[in-house]
Amino acid sequence: MTPNARFTEFLADIEPSSTTKSNASAAHSKLRTTLSTDDSFGQLHRHTFLSGSYKRDTAIRPQVKNGNAQRPDVDIIVVTTHGTYDDPVGVVDAVHAALTRHYTPTNRQARSVSVYSPLADMDVVPLIDPLDDGTYYIADRLQRQWLRTNPPGHTAWTTRVNNAVGGRFKPLVKLFKWWRRENKTVGKRPKGFILEVLAAENMSISETHYGKLFVQMLENIVDRYRFEVSVGVVPTLEDPSMPGNNILDGLSFAAFESFYNKVKTHAAIGRAALEFDDQEKATEKWRVLFGERFPKPPVRKSSGLLETAATSSGL
């Protein structure tokens with residue numbers, strides 16, 4: 001079986017570098033200060049905080065495209081003085097207008113404003129907290145309504161799960177996200193936080209070998225959702241910090257089926273990799289799952305008199 005050290009080596013390789021983290025920190029710090037001091041938006045600004053995989057420490061190293069490393073992604077929540085009586089479209093537009101005064105380019109999404117800077121790509125999400133009690137609502141421009149959300153709850157949940165399994169949850173999520181990046185399916189979904197919840201729902205709480213942990217997770221996903229796929233429906237996956245909220249809502253069956261089939265195929269490949277004693281053959285299987293960054297086994301060095309005699313011309 002492939003030694004666990006190969007997986008910890010791989011995890012270290014796909015971790016965002018210190019430079020990436022430093023760039024992300026500098027970029028989001030500058031943007032948050034910019035919003036709070038903007039002549040117009042400063043009057044609507046209450047406070048900001050980080051969210052997403054960067055905050056939850058489940059991010060992986062940025063992609064490399066055409067030989068160039070992409071910028072890290074950072075999610076920034078800005079809590080405004082608006083209320084549920086305000087038009088969600090106008091709230092997102094106000095954030096967009098403020099950011100456009102300082103950054104180019106920017107782009108309005110359904111619930112956020114995307115900002116592209118030299119150091120990081122950032123999604124700025126306006127929220128309101130009408131009762132000032134941590135009950136947050138997000139503006140949806142397309143639905144023109146306010147929706148309950150809980151980004152701090154996602155961060156706290158991730159920490160609880162990781163602590164409960166001895167710190168193995170976040171590394172497993174990073175393996176899962178890297179696997180997802182390497183293996184495209186219809187619509188490239190599910191991704192992000194959904195993968196984190198799938199990992200938590202289907203991981204072993206006792207397994208310590210990351211190869212086994214990953215393959216068991218894939219196998220559990222296959223078993224768990226076999227019926228839904230057989231009848232052609234997208235399963236329900238509850239938001240751990242928002243009971244009753246289905247985070248798979250809006251995902252097409254074609255996208256989920258494509259993802260499921262890839263999981264099923266790779267679960268079998270991963271199981272075969274675990275069975276190999278020959279590490280060259282096992283590595284070939286792991287690289288189907290994780291790509292060419294998965295490390296090769298170390299090269300054995302010849303030593304001793306017998307190896308020296310065998311390679312000499314004297315005998």
Side-chain angles (χ1 to χ4, degrees), residues 1-24 53 57-70 72 162 165-184 195-196 198-199 202-222 262-315:
M1 183 172 67
T2 304
N4 204 29
R6 297 266 300 287
F7 288 92
T8 56
E9 179 186 348
F10 180 53
L11 282 164
D13 182 47
I14 65 175
E15 179 76 12
S17 68
S18 57
T19 299
T20 295
K21 294 177 180 178
S22 177
N23 287 345
S53 60
D57 189 27
T58 58
I60 54 178
R61 66 185 302 155
Q63 296 188 70
V64 175
K65 294 183 177 179
N66 300 321
N68 298 314
Q70 302 299 292
N162 193 57
V165 295
R168 293 183 294 276
F169 173 63
K170 290 183 180 181
L172 176 62
V173 167
K174 292 178 183 184
L175 289 175
F176 202 11
K177 289 185 174 181
W178 190 271
W179 171 86
R180 190 74 186 94
R181 178 188 290 178
E182 289 288 320
N183 298 279
K184 303 296 189 293
L195 295 181
E196 297 185 30
L198 284 171
N202 295 283
M203 75 176 292
S204 166
I205 63 173
S206 58
E207 182 57 61
T208 59
H209 186 281
Y210 283 115
K212 287 184 177 180
L213 193 63
F214 184 78
V215 172
Q216 289 173 5
M217 179 196 68
L218 296 185
E219 291 172 337
N220 289 340
I221 291 173
V222 172
K262 184 69 71 172
V263 168
K264 184 176 181 179
T265 299
H266 282 199
I269 294 172
R271 178 57 60 184
L274 290 172
E275 301 297 329
F276 276 122
D277 290 327
D278 185 326
Q279 288 309 299
E280 294 288 348
K281 293 181 178 179
T283 299
E284 290 178 6
K285 298 293 185 182
W286 291 124
R287 287 190 161 197
V288 173
L289 273 63
F290 297 119
E292 294 186 357
R293 292 197 80 101
F294 189 82
K296 293 182 178 180
V299 178
R300 293 182 180 179
K301 294 182 179 180
S302 298
S303 61
L305 295 175
L306 289 178
E307 287 81 1
T308 302
T311 57
S312 70
S313 59
L315 291 177

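Note that this is a predicted model, so its numbers are computed, not measured.
Side-chain atoms of His209 never come within 3.5 Å of backbone atoms of Phe7 as a donor-acceptor pair (strictly under, hydrogens ignored). A donor-acceptor contact shorter than 3.5 Å links the side chain of Arg168 to the backbone of Glu207. The backbone N or O of Ala5 sits less than 3.5 Å from a side-chain atom of Thr8, completing a donor-acceptor pair. Side-chain atoms of Thr283 come within 3.5 Å of backbone N or O of Gln279 as a donor-acceptor pair. A donor-acceptor pair is defined here as one N or O able to donate and one able to accept, closer than 3.5 Å; such a pair exists between the side chain of Arg180 and the backbone of Asn183.
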Leu175 vs Leu11, test: side-chain contact (heavy atoms from CB on, under 4.5 Å). Steps then yes/no.
CA-CA 7 Å; Leu175 289 175; Leu11 282 164; 3.7 Å; yes
Can His266 and Val288 be said to form a side-chain contact (heavy atoms from CB on, under 4.5 Å), step by step?
CA-CA 8 Å; His266 282 199; Val288 173; 4.0 Å; yes
Candidate pair Arg6 and Tyr210, rule side-chain contact (heavy atoms from CB on, under 4.5 Å), full reasoning
CA-CA 9 Å; Arg6 297 266 300 287; Tyr210 283 115; over 6 Å; no
Walk me through it: do Phe214 and Trp179 pass the test side-chain contact (heavy atoms from CB on, under 4.5 Å)?
CA-CA 10 Å; Phe214 184 78; Trp179 171 86; 3.7 Å; yes
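Interatomic distance, Phe176 CZ to Ile221 CD1, rounded to the nearest 0.5 Å: 4.0 Å. Considering CZ of Arg287 and CD of Glu182, their distance stands at 10.5 Å, rounded to 0.5 Å. A distance of 10.5 Å separates CD of Glu196 from CG of Leu172, quoted to the nearest 0.5 Å. To the nearest 0.5 Å, the span separating OG on Ser204 from CD on Glu219 amounts to 11.5 Å. Distance CG/Leu218 to CG/Leu213: 10.0 Å, rounded to 0.5 Å. With rounding to the nearest 0.5 Å, the separation of NZ in Lys212 from CZ in Arg271 is 8.0 Å.
No more than 12 heavy atoms of other residues, nucleotides or ligands sit less than 6.0 Å from atom NZ of Lys285. The environment of Asp278 atom CG is dense: over 12 non-hydrogen atoms of other residues, nucleotides or ligands sit within 6.0 angstrom. Surrounding NZ of Lys65 are at most 12 heavy atoms belonging to other residues, nucleotides or ligands under 6.0 Å away.
Heavy-atom minimum distance, Asn162 versus Pro171: OD1-CD, 4.2 Å. Closest heavy-atom contact between Trp286 and Ala273: CE2-CB, 3.5 Å. Between Pro72 and Ala24, the shortest heavy-atom distance links the atoms CG-CB, 4.1 Å. Closest heavy-atom contact between Ala282 and Thr2: CB-OG1, 3.6 Å. In terms of heavy atoms, Ala199 sits closest to Val173 at CB-CG2, 4.1 Å.
Listed by first and then second residue, the salt bridge (charged side-chain N to carboxylate O under 4.0 Å, His left out) pairs that reach into residues 7-20 are Asp13-Arg61, Asp13-Arg293, Glu15-Lys21, Glu15-Lys174, sequence neighbours excluded.
Counting only heavy atoms from C-beta outward, the side chains of Asn4 and Thr208 never approach each other to under 4.5 Å.
Every residue two or more places apart in sequence or in another chain was checked for a side chain to side chain donor-acceptor pair (under 3.5 Å) with Trp178, and none qualifies.
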